[in-house]
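Side chains included, hydrogens not; waters and symmetry mates left out as well; all remaining heavy atoms used.
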Amino acid sequence: MSSEPIADYALLSDCCSGALVSVAGSVDWLCFPRFDSPSVFGRILGAEAGFWSIRPADAYSSTRRYLGPTLVLETTHTTDTGCVTVTDALALGDGRRGHELGADSPGCLLRQVSCTQGSVDVDTVFCARPDYGLTRPMLSPADGGLLVRAGDAVLSFSTPADVDLMTDPDADSAQARLTLRAGDVVGFALHSSPARAEAGGRGTPVFWSQEEIARRLEDTVQGWTSWSAMHQNYCGPWQELVAGSGRILQALSYYPSGAIVAAPTTSLPEVAGGTRNWDYRYSWIRDASMTLQALWVAACPDEAGTFFQFLATAAAGQLAGGEDLQIMFGIGGERQLPERELAHLPGWRASAPVRVGNGAWNQRQLDVYGELLDAAATLPEYLAELAPETRMFLADAADMAAARWRSADHGIWEVRGDPRHYLHSKLMCWVAVDRAISLAGILQAIERVPRWMEARDAIAASIRAEGWSRAANAYTQAYGCDDLDASALMLSIVGFLPADDPGIVTTIEAIEERLTDHRGLVYRYLADDGMAGEEGTFLLCTFWLAHALALAGRTQRARAVFERAAAFATDLGLMAEEVAPDSGELLGNFPQAFSHIGLINAAWAISRAEDRAAGP
């Protein structure tokens with residue numbers, strides 16, 4: 001089983017797929033050609049799922065960084081005899097810049113090794129195990145490297161001509177030792193299949209020369225640099241963290257459709273050795289409005305508009321047939337995401353089962369209507385460009401919220417138990433009709449406003465009467481219960497109540513006092529959810545607390561809470577989903593879009609609150 005700390009990994013992306021590289025120089029996760037494709041390397045979930053390592057043969061120490069404002073990783077290994085630098089990237093489309101980032105991505109992992117001082121022996125071990133380790137490939141020599149055959153798939157592994165890669169007796173892995181001296185540079189490239197058009201035809205193996213590997217690596221640096229120069233204009237506190245989080249959201253985007261995955265991994269657990277292990281390589285409507293706000297702050301409206309158009313297109317047509325609005329979609333707009341378990345993999349630190357697909361795809365979650373309409377309200381200028389039937393769909397979504405808000409559901413946290421009357425779900429139904437009222441003219445639905453206003457008033461009265469717990473002195477998780485839930489912080493964030501409302505203030509205080517660990521990080525909830533095991537604190541929820549405090553004008557406390565959560569960003573600025581309450585170790589799928597979204601939005605809220613406090 002894998003025991004490498006999650007925080008030790010770096011993300012690579014070509015805005016189509018993703019890879020994780022450990023500080024020790026091992027690619028332990030890579031999916032080609034999409035984020036949700038079966039893995040080629042998956043050792044993070046089990047040794048039998050493959051890896052590709054490049055590291056010094058002798059004892060060494062390591063440092064790493066992204067090259068400027070990019071997702072190109074540079075790791076420097078220092079030994080007693082010299083230094084080598086390994087530069088890793090998923091190649092971008094040749095010459096693609098700015099908004100084109102992700103177009104024509106060739107599906108190619110680049111790794112270049114440079115000796116910068118002295119002499120260093122470097123070992124490389126290439127052990128591809130396609131289809132989550134279920135397939136053991138055959139390796140055969142080819143002009144330019146090795147062919148990796150696994151069923152119908154053929155990968156091409158470009159290697160230097162003077163490197164003798166020895167295959168093992170079963171010819172399913174290869175290794176070599178390189179002796180590099182100052183000034184030596186060697187490059188490797190792994191191409192996915194099917195080959196792209198530039199290869200001369202579908203199915204034609206692609207091999208790149210050393211010169212082409214170096215050129216494409218530099219082109220990828222320039223591609224990411226151009227995107228950052230065009231998009232990241234946030235000026236405020238924690239500017240570097242906000243800019244980095246904006247790049248991570250771009251890295252988690254799937255260019256062909258505009259979708260954004262919740263994370264590029266599956267089954268990294270909420271507790272080590274536990275069973276709360278889910279596949280996050282999909283796009284959630286739940287994340288929509290917060291994602292769009294974060295993109296507006298840390299990136300630009302173009303990416304936000306593209307993401308919204310993906311969601312609207314993927315969801316359109318469901319309501320016409322009387323269906324519930326689906327809570328998540330595949331990154332190509334797929335609707336069915338059946339879940340299965342990979343029993344042959346032990347999971348990270350024996351956290352089983354390993355799952356692919358997500359069984360929550362067909363849950364009823366009423367909050368999605370509010371998320372979708374709130375997202376639309378964030379970008380009203382884009383609505384006029386939508387097809388009339390898509391605008392009609394948004395109006396229908398508000399109608400559905402007005403009609404179904406009294407129903408029970410599984411809530412924002414996708415609890416796999418009986419439906420309940422979750423406060424957050426009611427709140428987001430209120431958001432749906434509230435935003436629809438403001439957008440009625442653009443949606444060409446003025447005639448629906450009276451019934452939307454009636455529903456808004458009814459939902460508001462219900463939340464005030466049944467969402468409040470006298471015993472807890474706070475708004476709570478669900479009607480009729482006294483259990484705290486961090487999602488109640490959204491009451492002020494979405495504008496349901498003023499941030500200084502006495503009920504909001506006492507809810508914030510209750511969560512800060514009774515729903516945090518000893519570090520002051522916030523749990524989602526502590527109530528029994530019917531699943532075995534406990535979970536860590538949620539970074540997103542901690543950023544929500546900072547956001548709510550900022551809205552309430554308590555900027556010093558907001559800053560303190562923000563910095564508690566931001567301290568758990570890695571040395572590369574990456575954030576996981578959770579933090580283990582005992583060890584402080586990062587947990588959950590990685591990196592987690594929701595945590596980066598929470599960071600951006602909380603930083604923006606604190607910045608605005610401080611500006612207001614400073615006066616004109």
Would a distance-only check, ignoring hydrogens and angles, find a side-chain to backbone donor-acceptor pair under 3.5 Å from Ser192 to Gly107?
yes
For Glu577 and Phe594: C-alpha separation, side-chain torsions, deciding distance, then whether side chain to side chain contact (heavy atoms under 4.5 Å, CB included) applies.
CA-CA 7 Å; Glu577 183 177 37; Phe594 232 176; over 6 Å; no
Does this structure show an ion pair linking Arg355 with Asp279, if we count only N-O contacts that are shorter than 4.0 Å?
no
Shortest non-hydrogen contact between Phe307 and Ser283, atoms and distance:
CE1-OG, 3.4 Å
Asp485 meets the salt bridge (charged side-chain N to carboxylate O under 4.0 Å, His left out) criterion, sequence neighbours left out, with none
Check whether any side-chain N or O of Ser595 sits under 3.5 Å from a backbone N or O of Met575 as a donor-acceptor pair, and report yes or no.
no
How close do Gly223 and Ser226 get, counting heavy atoms only, and between which atoms?
O-OG, 2.7 Å
Please report the interatomic distance OG1(Thr390) to CG(Leu311), rounded to the nearest 0.5 Å.
12.0 Å
Please set out all donor-acceptor pairs under 3.5 angstrom arising from side-chain atoms of residues 243-251, sequence neighbours excluded.
{"from": "Ser245", "atom 1": "OG", "to": "Leu241", "atom 2": "O", "distance (Å)": "3.0"}
{"from": "Ser245", "atom 1": "OG", "to": "His596", "atom 2": "ND1", "distance (Å)": "2.9"}
{"from": "Arg247", "atom 1": "NH1", "to": "Gln232", "atom 2": "OE1", "distance (Å)": "2.9"}

If we ignore hydrogens and angles and just use 3.5 Å, is the side chain of Ser13 paired with the main-chain N or O of Cys15 as donor and acceptor?
yes
Between Glu74 and Tyr66, is any pair of side-chain heavy atoms under 4.5 Å apart?
no
If you measure from CG on Leu92 to CZ on Arg97, what distance do you get to the nearest 0.5 Å?
8.0 Å
Check: Val522 main-chain N/O paired with Thr542 side-chain donor or acceptor under 3.5 Å:
yes
Checking Trp29 side chain against Pro264 main chain: does a donor-acceptor pair fall under 3.5 Å?
yes
Test item: Arg391 side-chain N/O and Ala445 main-chain N/O as donor-acceptor pair under 3.5 Å
no
Tightest non-hydrogen contact, residues Trp405 and Lys426, listed as O-NZ, 2.7 Å
Should Arg43 and Asp28 be marked as a salt bridge (Lys or Arg N to Asp or Glu O under 4.0 Å) after you check the CA-CA gap, both sets of side-chain angles, and the distance that decides it?
CA-CA 5 Å; Arg43 182 163 66 171; Asp28 289 342; 3.2 Å; yes
Could you tell me if the ring centre of Tyr282 sits under 6.0 Å from that of Phe329?
no
Using only atom types and a distance under 3.5 Å, with no angle test, would you say the side chain of Thr378 pairs donor to acceptor with the backbone of Asp374?
yes
How about Val356 and Arg281: do any of their side-chain heavy atoms sit closer than 4.5 Å?
yes
Check the pair Leu383, Leu394 against side chain to side chain contact (heavy atoms under 4.5 Å, CB included), reporting the backbone distance first and the verdict last.
CA-CA 10 Å; Leu383 299 185; Leu394 292 172; 4.0 Å; yes
Closest heavy-atom pair and its distance - Ala315, Leu325:
CB-CD1, 3.4 Å
Near-ring test His191/Trp208, centroid separation under 6.0 angstrom
yes
Please test Arg448 against Asp396 for salt bridge (Lys or Arg N to Asp or Glu O under 4.0 Å), starting from the C-alpha separation and ending with a verdict.
CA-CA 10 Å; Arg448 307 192 196 193; Asp396 290 344; 2.9 Å; yes
Take Arg215 and Glu212 through the salt bridge (Lys or Arg N to Asp or Glu O under 4.0 Å) test and state the conclusion after the steps.
CA-CA 5 Å; Arg215 187 185 75 80; Glu212 183 66 4; 3.0 Å; yes
Should Glu334 and Arg34 be marked as a salt bridge (Lys or Arg N to Asp or Glu O under 4.0 Å) after you check the CA-CA gap, both sets of side-chain angles, and the distance that decides it?
CA-CA 13 Å; Glu334 298 85 0; Arg34 298 178 12 155; 3.1 Å; yes
Spacing of Tyr422 atom OH and Leu366 atom CG [to the nearest 0.5 Å]
11.5 Å
Quickly, which of Ile6, Leu572, Thr570, Leu574 forms a side-chain contact (heavy atoms from CB on, under 4.5 Å) with Pro591? Name it, please.
Leu574
Looking only at non-hydrogen atoms, find the nearest pair between Ser17 and Leu90 and report the distance.
O-CD1, 3.7 Å
Is it the case that Thr265 and Asn589 place a side-chain donor and acceptor less than 3.5 Å from each other?
yes
Backbone N or O of Ile331 within a donor-acceptor pair of the Ser257 side chain at under 3.5 Å?
yes
If you measure from OG1 on Thr291 to CD1 on Ile600, what distance do you get to the nearest 0.5 Å?
9.0 Å
Look at the side chain of Arg335 and the backbone N and O of Ala314, then say whether any donor-acceptor pair between them is shorter than 3.5 Å.
yes
For the residue pair Tyr280 and Trp284, does the interplanar ring angle fall in the parallel (under 30°), tilted (30 to 60°) or perpendicular (over 60°) class?
perpendicular
Expected output: side-chain Thr220 to main-chain Ala91 donor-acceptor under 3.5 Å:
no
Point-to-point distance, once rounded to the nearest 0.5 Å, from CH2 of Trp544 to CE of Met290:
5.0 Å
Which atom names give the shortest non-hydrogen contact between Ala576 and Leu539, and what distance separates them?
O-CD1, 3.4 Å
Just how far is it from atom OG of Ser158 to atom CZ of Arg111, taken to the nearest 0.5 Å?
14.5 Å
